[in-house]
Amino acid sequence: MFAVPRRATYRYAFATAAALSLAGCGVNTIPTQEEAAKAKWADVQAAFQERANLIPNLAAVAKGAAEQEKGILVGVTEARAKASSIQISAEDLKDPAKMKAFQDAQNQLSSSLGGFGRLLANSEAYPELKSITNYQMLQSQLEGQENRIRVAIRDYNGAVQQYNTTIRTFPAVIGAKVIYGAKPMVPYQAVTPGAEAAPSLEGKL
């Protein structure tokens, strides 16, 4: 057998120690968790977009029944346009101001939809609406979509919490500051009481 030179042994030991040290500093964990949070954010955006796509159908179905309440329909349409105009890129997830603008626009749309739902809750005023097949289908779709939004936000916030915890705790905090200059990501915060729970639209639309 050939004897391994002592210098080579030291180099191997040093390389192994360095690799373990970098791993301990989150050199792989930090970007992995960041990309996971970005992927979850894409799910949030997709869920909001799907809701926005349902709104024109909602307006078309209810227009005849709510002719005297055009102001509410206009409010929903305008809120949808504003919410759809504000997009958040993966790089913006660490910008609290941009995230707040997105959240405010989505919350305004949720509020407008809530007002519209309360308007149509009075079945005596709009009895013909209850018998429209498209209305019944749309009611079910909107309720399901609210649930998908809630789940997508929950999953995103979970991924953000994991990433933010990693970059703030030892030893990964060393790699976060020295290697990546990592900044915390912004969770999606519901500003409306109870907004973390999907609302029931049964009897409201």
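Keep in mind that what you see is a predicted model, and the values were worked out from it rather than measured. As a basis for the values below, the full set of heavy atoms in this structure was taken, side chains included, without hydrogen atoms, waters or symmetry mates.
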query = Is any side-chain heavy atom of Leu113 less than 4.5 Å from a side-chain heavy atom of Arg51?
reply = yes
Per-pair distances, 0.1 Å, donor-acceptor, side chain in residues 74-84, under 3.5 Å, sequence neighbours excluded:
residue: Thr77; atom: OG1; partner: Leu73; partner atom: O; Å: 2.9
residue: Arg80; atom: NE; partner: Ala52; partner atom: O; Å: 2.6
residue: Arg80; atom: NH2; partner: Ala52; partner atom: O; Å: 3.4
residue: Ser84; atom: OG; partner: Arg80; partner atom: O; Å: 2.9

message = Which residues pass the side chain to side chain contact (heavy atoms under 4.5 Å, CB included) test with Thr165, not counting sequence neighbours?
response = Gln161, Thr169
request  = Taking all non-hydrogen atoms of both residues into account, name the closest pair between Ala47 and Ile149 and its distance.
outcome  = CB-CG1, 3.7 Å
task = For Ile88 and Leu93, run side-chain contact (heavy atoms from CB on, under 4.5 Å): C-alpha distance rounded to whole Å, both residues' side-chain angles, the deciding distance at 0.1 Å, then the answer.
result = CA-CA 7 Å; Ile88 299 293; Leu93 295 177; 3.9 Å; yes
inquiry  = Taking the side chain as everything from C-beta on, heavy atoms only, tell me whether Tyr156 gets closer than 4.5 Å to Asp43.
reply    = no
inquiry  = Test your reading of the model: is there a side-chain donor-acceptor pair from Asn164 to the backbone of Met185, 3.5 Å cut-off?
reply    = yes
query = According to the interplanar angle, ranging from 0 to 90°, do the rings of Phe102 and Tyr188 count as parallel (below 30°), tilted (30 to 60°) or perpendicular (above 60°)?
reply = perpendicular
request  = Might you work through the side-chain contact (heavy atoms from CB on, under 4.5 Å) test for Ile55 and Leu109, ending with a clear yes or no?
outcome  = CA-CA 10 Å; Ile55 291 175; Leu109 178 52; 3.6 Å; yes
message = Pro187: which residues meet the side chain to side chain contact (heavy atoms under 4.5 Å, CB included) condition with it, sequence neighbours left out?
response = Asn157, Val160, Gln189
ask   = Is any side-chain heavy atom of Thr32 less than 4.5 Å from a side-chain heavy atom of Tyr163?
value = no
inquiry  = Are the side chains of Arg154 and Val151 in contact, using a 4.5 Å heavy-atom criterion?
reply    = yes
inquiry  = For Asn107 and Ser110: C-alpha separation, side-chain torsions, deciding distance, then whether side-chain hydrogen bond (donor to acceptor under 3.5 Å, both in side chains) applies.
reply    = CA-CA 5 Å; Asn107 289 332; Ser110 296; 5.0 Å; no
task = Would you check if the side chain of Asp95 reaches a backbone N or O of Lys98 as a donor-acceptor pair within less than 3.5 Å?
result = yes
query = Any side chain to side chain donor-acceptor pair (under 3.5 Å) pairs touching residues 52-61, not counting sequence neighbours?
reply = Gln49-Asn53
Give every donor-acceptor pair under 3.5 Å between a side-chain atom in residues 33-40 and any protein atom, sequence neighbours left out.
residue: Gln33; atom: OE1; partner: Thr166; partner atom: OG1; Å: 2.6
residue: Gln33; atom: NE2; partner: Thr166; partner atom: OG1; Å: 3.3
residue: Glu34; atom: OE2; partner: Lys94; partner atom: NZ; Å: 2.9

key: By side chain to side chain contact (heavy atoms under 4.5 Å, CB included) - contacts of Arg148 (at least two apart)   = Glu50, Gln145
key: hydrophobic_cluster_shared for Met99 and Ile86, side chain cutoff 4.5 Å   = yes
